[in-house]
Asks: 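First, the structure itself, so that you have it in front of you.
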Amino acid sequence: MRYDYLIIGAGFAGSVMAERLASQFDKKILLVEKRNHIGGNAFDEYDEYGILVHKYGPHIFHTNSKEVFDYLSQFTEWRFYEHKVLANYQGDLFPIPINRTTINKFFDLHLTTEGEVKNFLSTKIEKRFPILNSEDIIINQVGRELFEAFFKNYTKKQWNLFPHELSPSVCGRIPVRFNDDSRYFTDKYQFMPKDGYTKMFEKMLSRKNIEIALNTDYKNVLNEIKFDKMIYTGPIDSFFDYEFGKLPYRSIKFDYEHYEKQNHQSTGQVNHVDMEEEFTRVTEYKYLTLQEAKTTTISREYSLKEGEPFYPIPTDANRALYLKYRHKTEQEKNVIFCGRLAEYQYYNMDQVVANCLHFLKSKADTI
Ligand code: FAD
Ligand code: UDP
């Protein structure tokens with residue numbers, strides 16, 4: 001048996017590529033995944049109490065791309081869901097992103113208009129120019145007190161780096177609001193797959209010309225498989241056997257806990273922004289999945305240096321190391337590198353899908 005494409009990794013990148021190549025280009029695919037399931041980090045499953053949980057932390061789908069939304073809509077129905085996050089700071093709960101409510105509560109104020117909030121913040125902010133890191137970008141918008149309360153320690157816990165050691169793109173993911181909008185995201189499309197992500201992936205991949213090999217590290221089977229081209233979505237440093245050294249990734253330990261009560265917290269995600277608790281965020285999945293059940297399951301996240309690679313760490317030094325590996329990919333004419341790990345980019349799900357769709361469109365004549 002000879003495959004047109006050997007695809008490594010059954011997350012969004014590998015699965016979208018497999019589905020498109022099979023359905024639009026009639027290619028024969030072998031999709032190899034080292035875990036015992038498809039879906040990559042978006043994998044979800046019912047726990048022993050019948051609650052749908054995300055195995056690798058909360059995955060909330062949001063996008064401004066109609067193309068991405070329409071594409072995925074072929075494989076799932078959706079439930080409307082707008083994510084809301086509270087920060088637990090010294091035992092009190094505050095909306096995140098920082099908005100007017102956060103500011104009023106934190107400074108004991110009664111600001112009512114966006115203009116009042118802007119004026120107030122202008123007395124707090126320290127102008128930073130150029131914006132070189134994640135501390136600059138936040139202090140430039142809200143000043144030191146809010147930065148220290150809500151960003152400094154949480155970021156240290158999450159990355160084991162302080163914000164000034166990280167690219168502005170990390171904390172810059174979180175906007176600052178002058179109104180009372182407490183939604184985490186403001187994208188046009190904010191939905192969760194009605195029956196979960198895993199079901200969506202199952203539908204994407206159930207085609208006769210896609211074969212899936214789970215529990216298989218491609219390095220152990222590469223010599224036995226005949227194929228024309230490879231698509232690689234695993235960690236790029238691993239592909240090149242760590243020739244230039246290991247690229248740092250952040251890992252996470254997820255501790256799940258079940259409670260015999262309707263709810264554990266008042267919203268889907270609570271960020272513990274103080275150093276006292278070692279964990280970062282607590283997710284209560286029922287809010288995200290809109291599942292109706294009498295009991296509930298949460299996860300607490302402990303950020304780790306070692307373990308499965310989850311987050312590329314955006315620093316200048318890591319980017320420089322990544323670029324050395326990327327340079328080497330140019331010699332691999334038969335391999336396409338895509339996804340969060342292979343491109344060492346802090347991508348959201350929709351960005352990965354968009355990149356794959358665009359890649360295939362732009363290269364349609366050479367597929
Ligand atoms: P992955 O999902 O990591 O898939 C890569 C696959 O390759 C994995 O399944 C891996 O097992 C496999 N693999 C690696 N090496 C090998 C090998 N040697 N052999 C075989 N298989 C291999 N995005 C959002 O849009 N919204 C969110 O709310 C959100 N929350 C997140 C929360 C957490 C905790 C994390 C870690 C990420 C979150 N993301 C979120 C990002 C999202 O997970 C990624 O954008 C998406 O999963 C990337 O897909 P991918 O296919 O590139 O990578
Ligand atoms: N962040 C923070 N406090 C918060 C929320 C976020 O300091 O309450 C910082 C932290 O460094 C985090 C980054 O902003 O890693 C991006 O947050 P996001 O919620 O996008 O993280 P992700 O969902 O990717 O883990």
Side-chain angles (χ1 to χ4, degrees), residues 6-17 31-43 54-63 68 83 85-89 94-98 102 134 137-138 147 149-159 161-163 166 169-174 184-185 187 192 197 201 213-222 231-236 238-239 249-252 254 268-273 280-281 283 288 299 301 303 308-314 337-343 345-353 355-356:
L6 169 65
I7 302 186
I8 316 304
F12 267 98
S15 300
V16 171
M17 292 300 242
L31 180 56
V32 171
E33 167 57 59
K34 74 175 182 193
R35 291 171 173 163
N36 64 358
H37 59 75
I38 56 172
N41 287 343
F43 174 72
H54 297 178
K55 181 137 180 231
Y56 306 96
H59 276 70
I60 296 106
F61 181 75
H62 56 100
T63 189
V68 168
H83 195 48
V85 176
L86 293 169
N88 184 321
Y89 170 69
F94 297 82
I96 292 286
I98 290 171
T102 317
S134 269
I137 199 164
I138 300 299
F147 164 76
F150 295 111
F151 285 91
K152 189 174 165 187
N153 295 329
Y154 187 91
T155 297
K156 173 71 176 154
K157 286 200 290 187
Q158 167 75 10
W159 300 95
L161 292 171
F162 283 111
L166 284 160
S169 61
V170 177
C171 291
R173 286 164 62 90
I174 314 296
Y184 206 59
F185 308 109
D187 299 56
M192 295 291 280
Y197 289 99
F201 278 93
L214 297 177
N215 301 306
T216 309
D217 188 320
Y218 83 102
K219 291 200 177 189
N220 298 331
V221 295
L222 199 55
I231 296 177
Y232 181 76
T233 77
I236 189 165
S238 159
F239 183 91
Y249 294 89
R250 209 68 193 141
S251 194
I252 302 175
F254 301 97
Q269 181 181 325
V270 176
N271 291 353
H272 290 260
V273 297
T280 51
R281 60 188 170 188
T283 303
L288 279 55
S299 66
E301 292 179 37
S303 181
E308 276 206 82
F310 288 137
Y311 288 88
I313 306 178
F337 294 83
C338 63
R340 205 182 211 216
L341 303 172
E343 295 178 69
Q345 286 282 338
Y346 191 174
Y347 286 139
N348 287 329
M349 298 181 281
D350 66 318
Q351 294 172 296
V352 171
V353 176
N355 291 348
C356 293

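Residue indices begin at 1 and follow the sequence shown. Counting starts at 1 for both ligands and their atoms, in listed order.
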Asks: R281 and N88: side chain to side chain donor-acceptor pair (under 3.5 Å), yes or no, with the steps?
Replies: CA-CA 9 Å; R281 60 188 170 188; N88 184 321; over 6 Å; no

Asks: For K157 and E301, run salt bridge (charged side-chain N to carboxylate O under 4.0 Å, His left out): C-alpha distance rounded to whole Å, both residues' side-chain angles, the deciding distance at 0.1 Å, then the answer.
Replies: CA-CA 10 Å; K157 286 200 290 187; E301 292 179 37; over 6 Å; no

Asks: Quick check, are the ring centers of H37 and F201 under 6.0 angstrom apart?
Replies: no

Asks: Could you tell me which atoms of ligand 1, counted from 1 in the order shown, lie closer than 4.0 angstrom to a heavy atom of F12?
Replies: 49 (O), 51 (O)

Asks: Quick one: look up the protein heavy atom nearest atom 1 (N) of ligand 2 and list residue, atom name and how far away it is.
Replies: Y154 CD2, 3.7 Å

Asks: Using a strict 4.0 Å cut-off to heavy atoms of V32, name the atoms of ligand 1 that fall inside it.
Replies: 20 (C), 21 (N)

Asks: With a cut-off of 4.0 Å, which atoms of ligand 1 are near a heavy atom of D217?
Replies: 17 (C), 18 (N), 19 (N)

Asks: Between F151 and I98, is a side-chain contact (heavy atoms from CB on, under 4.5 Å) present by the stated rule, with each step listed?
Replies: CA-CA 10 Å; F151 285 91; I98 290 171; 3.9 Å; yes

Asks: Around atom 34 (C) of ligand 1, find the nearest protein heavy atom and jot down its residue, atom name and distance.
Replies: Y56 O, 3.2 Å

Asks: Which of the numbered atoms in ligand 1 are below 4.0 angstrom from a heavy atom of I252?
Replies: 34 (C)

Asks: Look at the aromatic rings of Y197 and H54 and report parallel, tilted or perpendicular, splitting at 30° and 60°.
Replies: perpendicular

Asks: Please report the interatomic distance CD1(I60) to CZ(F185), rounded to the nearest 0.5 Å.
Replies: 5.5 Å

Asks: Taking only heavy atoms of F150, which atoms of ligand 2 are found under 4.0 Å from at least one of them?
Replies: 2 (C), 3 (N), 4 (C), 7 (O), 8 (O)

Asks: What is the closest protein heavy atom to atom 40 (C) of ligand 1, and at what distance does it sit?
Replies: H59 CD2, 3.7 Å

Asks: Would you say Q158 has any N or O atom under 3.5 Å from an N or O of ligand 2, going by distance alone?
Replies: no

Asks: Going by the closest heavy atom to atom 35 (C) of ligand 1, which one wins out of R340, E343, M349?
Replies: R340

Asks: Taking only heavy atoms of L341, which atoms of ligand 1 are found under 4.0 Å from at least one of them?
Replies: 3 (O)

Asks: Is it the case that the ring center of F239 lies less than 6.0 angstrom away from the ring center of F337?
Replies: yes

Asks: I'd like to know if the side chain of Q345 reaches the main chain of Y347, judged simply by a donor and an acceptor atom lying under 3.5 Å from each other, with no hydrogens or angles considered.
Replies: no

Asks: Regarding Q158 and Y154, do their side chains bring together a donor and an acceptor under 3.5 Å, going by distance alone?
Replies: no

Asks: Using a strict cut-off of 4.0 Å, indicate which atoms of ligand 2 neighbour a heavy atom of T155.
Replies: 7 (O), 9 (C), 10 (C), 11 (O)

Asks: For ligand 2, note which part of H272 has a heavy atom under 4.0 Å away: side chain, backbone, both or neither.
Replies: neither

Asks: What is the closest protein heavy atom to atom 12 (C) of ligand 2, and at what distance does it sit?
Replies: W159 NE1, 4.0 Å

Asks: Where's the contact between R281 and ligand 1, heavy-atom distance under 4.0 Å: side chain, backbone, both or neither?
Replies: side chain

Asks: Which protein heavy atom lies closest to atom 30 (N) of ligand 1, and at what distance to 0.1 Å?
Replies: P58 O, 2.9 Å

Asks: List the closest protein heavy-atom neighbour of atom 14 (C) of ligand 1: residue, atom name, distance to the nearest 0.1 Å.
Replies: G234 CA, 3.7 Å

Asks: What protein heavy atom is closest to atom 20 (O) of ligand 2, reported as residue, atom name and distance in Å?
Replies: R173 NE, 2.8 Å

Asks: Please report whether ligand 1 has a polar contact with Y218, defined as an N or O pair separated by less than 3.5 Å (distance criterion only).
Replies: yes

Asks: Considering I96, I252, I174, V273 one by one, which has a heavy atom nearer to atom 17 (O) of ligand 2 than any of the others?
Replies: I174

Asks: List the atom of L222, the atom of L6, and the distance in Å for their closest heavy-atom pair.
Replies: CD1-CD2, 3.7 Å

Asks: Could you find the nearest protein heavy atom to atom 4 (O) of ligand 1 and give me its residue, atom name and distance?
Replies: G11 CA, 3.7 Å

Asks: Does ligand 1 have any atom that is closer than 4.0 Å to a heavy atom of P235?
Replies: yes

Asks: Give a yes or no on whether the backbone of G339 and the side-chain of E343 come within a donor-acceptor separation of less than 3.5 Å.
Replies: yes

Asks: With side-chain contact (heavy atoms from CB on, under 4.5 Å) as the test, would you mind laying out the steps for H272 and T280 before giving the verdict?
Replies: CA-CA 5 Å; H272 290 260; T280 51; over 6 Å; no

Asks: Can you check side-chain contact (heavy atoms from CB on, under 4.5 Å) on Y232 and S238, steps first, answer last?
Replies: CA-CA 11 Å; Y232 181 76; S238 159; 3.9 Å; yes

Asks: Decide whether an N or O pair under 3.5 Å exists between A13 and ligand 1.
Replies: yes

Asks: Should D217 and N220 be marked as a side-chain contact (heavy atoms from CB on, under 4.5 Å) after you check the CA-CA gap, both sets of side-chain angles, and the distance that decides it?
Replies: CA-CA 6 Å; D217 188 320; N220 298 331; 3.6 Å; yes

Asks: Just need the protein heavy atom nearest to atom 26 (N) of ligand 1, so name the residue and atom and give the distance.
Replies: I60 O, 2.9 Å

Asks: Would you mind checking which non-hydrogen protein atom is closest to atom 4 (C) of ligand 2, with the distance to 0.1 Å?
Replies: N271 ND2, 3.5 Å

Asks: Using a 4.0 Å cut-off to any heavy atom of Y311, which atoms of ligand 2 qualify?
Replies: 22 (P), 24 (O), 25 (O)

Asks: Can you tell me the protein heavy atom closest to atom 23 (O) of ligand 2 and the distance?
Replies: R281 NH1, 3.1 Å

Asks: What is the closest protein heavy atom to atom 16 (C) of ligand 1, and at what distance does it sit?
Replies: K34 CD, 3.8 Å

Asks: For A13 and T233, work out which heavy atoms get closest and say how close.
Replies: CB-CG2, 3.7 Å

Asks: Given E33, M17, H54, K219, which has its nearest heavy atom closest to atom 11 (O) of ligand 1?
Replies: E33

Asks: Suppose I only count heavy atoms of T216 and a 4.0 Å limit; which atoms of ligand 1 are within that range?
Replies: 19 (N), 20 (C)

Asks: Can you list the atoms of ligand 1 that are under 4.0 Å from a heavy atom of G339?
Replies: 52 (O)

Asks: Whether R340 engages the ring of Y311 as a cation-pi pair (distance to the six-membered ring centre under 6.0 angstrom, angle to the ring normal within 45°) should be assessed.
Replies: yes

Asks: Could you tell me whether a side-chain N or O of S15 sits under 3.5 Å from a main-chain N or O of A10, the two making a donor and an acceptor?
Replies: yes

Asks: L341 and P309: which non-hydrogen atoms are nearest, and at how many Å?
Replies: CD2-O, 3.7 Å

Asks: Return the closest protein heavy atom for atom 18 (P) of ligand 2 as residue, atom name and distance.
Replies: Y184 OH, 3.6 Å

Asks: For ligand 1, does A342 get within less than 4.0 Å through its side chain, its backbone, both, or neither, judged by non-hydrogen atoms?
Replies: neither

Asks: Using a strict 4.0 Å cut-off to heavy atoms of I8, name the atoms of ligand 1 that fall inside it.
Replies: 17 (C), 19 (N), 20 (C), 21 (N)

Asks: Please identify which atoms of ligand 2 are closer than 4.0 Å to at least one heavy atom of V170.
Replies: 11 (O), 13 (C), 14 (O), 16 (C)

Asks: Starting from atom 1 (P) of ligand 1, find the nearest protein heavy-atom neighbour and note its residue, name and distance.
Replies: N41 N, 4.1 Å

Asks: Considering only protein heavy atoms, which is closest to atom 21 (O) of ligand 2, and at what distance to one decimal place?
Replies: Y346 OH, 3.2 Å

Asks: What about the rings of F310 and W159, do their centers lie closer together than 6.0 Å?
Replies: no

Asks: Would K55 count as a cation-pi partner of F43, with NZ or CZ less than 6.0 Å from the six-membered ring centre and within 45° of the ring normal?
Replies: no

